[in-house]
Asks: 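My questions will all concern the structure given below.
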Amino acid sequence: MDFSYTPKTQEMLARVQKFMDDHIVPRIGQYNEEVHAGNYPVSFMADLRELARSEGLWNMFLPHLKDDEPGTRLTNLEYAPLAELTGRVSWAPEVFNCNAPDTGNMELLHMFASESQREQWLKPLLNGDFHSAFAMTEPDVASSDATNITTLMQREGDDYVINGRKWFISNAARPDCSIFIVMGKTDPNNENVHKQQSMILVPRNTPGLEIIRNPTVLNHHSPEGHCEIVFRNVRVPASNLLGEEGSGFALAQARLGPGRIHHCMRSIGSAQLALELMVERAQERKTFGKYLHQHGSIGEGIAKSRIEIETARLLVLKAAWMMDNVGAKEARREIAMIKALVPTMHTTVADRAMQVFGAMGLTPDTPLADIYTWGRCLRLADGPDEVHLQAIARMEIKESQTKLGATSVYLTPPARN
Ligand SMILES: Cc1cc2nc3c(=O)[nH]c(=O)nc-3n(C[C@H](O)[C@H](O)[C@H](O)COP(=O)(O)OP(=O)(O)OC[C@H]3O[C@@H](n4cnc5c(N)ncnc54)[C@H](O)[C@@H]3O)c2cc1C
C-alpha cells in the first residue's frame with residue numbers, strides 16, 4: 001500500500017487550502033453570527049458554492065462519475081486529505097458540495113437510481129441545485145438494528161402509501177432540502193427480515209410529509225437540522241422506488257460504506273485543528289511558573305493526541321486504499337474499524353484541548369465545543385460504536401472458524417498424567 005500523495009492530490013490540496021484560507025476561514029465569525037441571528041442559509045453560501053464549482057473544487061468525493069456529471073473523479077485515497085482539510089470548518093464541506101448526508105445520498109442514487117430518477121434527483125444534487133435527506137431512524141424502535149423499523153410503505157395500485165415517524169433526519173431543516181430517501185417496510189411479514197425493507201424517494205412537498213421539530217443535539221442547534229418527521233398517508237408513485245422492492249436493507253449497507261469513511265476523513269481534520277489550538281494555547285499561558293506545555297500531564301496529552309490522530313489517519317487511509325482497490329464490500333472490516341475508532345479519537349482530542357483552554361474552551365469563542373459536539377454525534381450517527389465493534393468481532397470469529405485449532409501449536413500445557 002502506498003499512501004504518498006499523487007501529483008494530482010498535491011495540486012488539489014494546494015487549491016483547497018488556498019480556497020479555505022481565502023474564502024472560508026475569514027468567514028467563520030460571520031457564519032456564526034448569521035446562524036445565531038436565524039439567517040440560514042447564510043448570505044454568502046450560494047456565492048461561495050458557485051465560486052468553488054467554477055474553480056473545479058466540486059463533488060470531490062465521488063470517484064466514478066459519468067462523463068456528463070460534474071466533479072473531480074478522485075479516488076478515495078486522493079480525496080482523504082482534501083476531506084481532512086475541509087473538516088477543519090464544520091460548514092466547509094457544503095461549499096464544495098461534499099457534505100453529509102448529500103454525499104451518501106448521491107452515492108446511493110449513483111449506484112441505484114433509474115434513468116428518470118437520475119435526471120430528476122441525482123443530476124440536480126450533483127449540480128448543487130438543492131439538498132437531500134436520508135430517513136431511516138425512528139423514535140419508537142431501536143434503529144441501530146434496521147430490521148426494527150416500522151414505517152409502512154403499502155402498495156396501492158400504481159402508488160406506495162407511507163405511514164411512519166422518523167427522527168434525527170439530517171438536512172431536513174434546510175428550506176431547499178427537496179428530496180427524502182425514506183426506508184420503510186414494503187413486506188413486513190417476509191420470513192427473511194432483510195427483505196422486508198425498501199427505499200423510496202419522497203419529494204418534500206408531498207402532502208402528508210410534516211417536519212415536526214429540529215431537536216438540539218447536546219443542546220447545540222444545527223441549522224441544517226436533525227429533524228423529527230411524520231409521514232401520514234404520504235402517496236408517491238411506485239416508480240419512486242429506489243432499486244427493487246425488498247432491497248432496502250442491502251441499499252442501506254451500500255450507502256453507509258462511503259458515508260462512514262467521509263465522516264472519518266473530516267473527523268481527522270477536526271481533531272488536527274483541536275490539537276493545533278491546544279499546542280498554541282499551551283505555549284501562551286503559564287501556571288505555577290511554567291508554561292502549560294511544560295507541565296508533564298499537558299505534554300503527555302499533546303503527545304497522545306498526536307499519536308491517536310496519526311493512528312486514526314493511517315487506518316482511514318488503509319480503508320480508503322481498500323475501497324479503491326478491492327471495493328467497499330471487501331473493505332467493510334476496515335470501514336467498521338475506523339467508524340468505531342475515529343469519533344472517539346475526535347472527542348478525546350477535543351476534550352483535551354478544551355481542558356487546556358480552561359473555561360474559554362467551553363465557550364463559542366473557540367470552535368472546540370462544536371468540534372466536541374460533532375465528534376460525540378458521530379459515535380451514534382451512521383450506527384453506534386457498539387454495532388461496528390460487533391460487526392468487527394463477527395468477522396474475526398468467522399475468519400477464525402475457517403482455521404479453528406490453528407493456534408493450538410502455540411500452547412504448551414504440561415502433559416496430563
Ligand atoms: C447528529 C445525528 C445525525 C443523524 N442523522 C441521521 C440521518 O440523517 N438519518 C437517519 O436515519 N438517522 C440519523 N441519525 C440517527 C442514528 O443513525 C441513530 O441514532 C443510530 O443508528 C442509533 O439508533 P438509535 O438512536 O435508535 O439507538 P438504539 O438503536 O436505541 O441504540 C441505543 C444504544 O444501544 C446500544 N446498542 C445498540 N446495538 C448494540 C449492540 N449490538 N451491542 C451493544 N450495544 C448496542 C448502543 O449503546 C446504542 O447507542 C443521526 C444521529 C445523530 C446523533
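Just so it is clear, the structure is predicted and the values come from calculations on it, not from any experiment. Ligands are counted one by one from 1 in listed order, and the atoms in each one are counted from 1 as well.
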Asks: Do other residues, nucleotides or ligands put more than 12 heavy atoms under 6.0 Å from H220 NE2?
Replies: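 More than 12 heavy atoms, drawn from other residues, nucleotides or ligands, come within 6.0 Å of this atom.
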
Asks: Check each protein residue for a heavy atom under 4.0 Å from ligand 1 and list those that pass, ordered by chain and number.
Replies: F134, A135, M136, T137, V141, A142, S143, S144, F168, I169, S170, H226, W374, C377, L380, A381, D382, G383, P384, E386, V387, Q390

Asks: Please check if the side chain of H346 supplies one atom and the backbone of I371 the other of a donor-acceptor pair under 3.5 Å.
Replies: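 Yes; judged by distance alone, with no hydrogens or angles, the pair exists.
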
Asks: Evaluate I302 against S305 for side chain to side chain contact (heavy atoms under 4.5 Å, CB included), listing each step before the verdict.
Replies: CA-CA 5 Å; I302 290 171; S305 299; 5.8 Å; no

Asks: Indicate, with yes or no, if the rings of W58 and F19 have centres closer together than 6.0 Å.
Replies: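 Ring centroids of W58 and F19 are no less than 6.0 Å from each other.
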
Asks: Do the side chain of R379 and the main chain of P343 share a donor and acceptor less than 3.5 angstrom apart?
Replies: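 No, the answer is negative, given that no donor and acceptor are paired below the 3.5 Å cut-off.
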
Asks: Quick check: H23 with F44 (ring centres under 6.0 Å apart)?
Replies: no

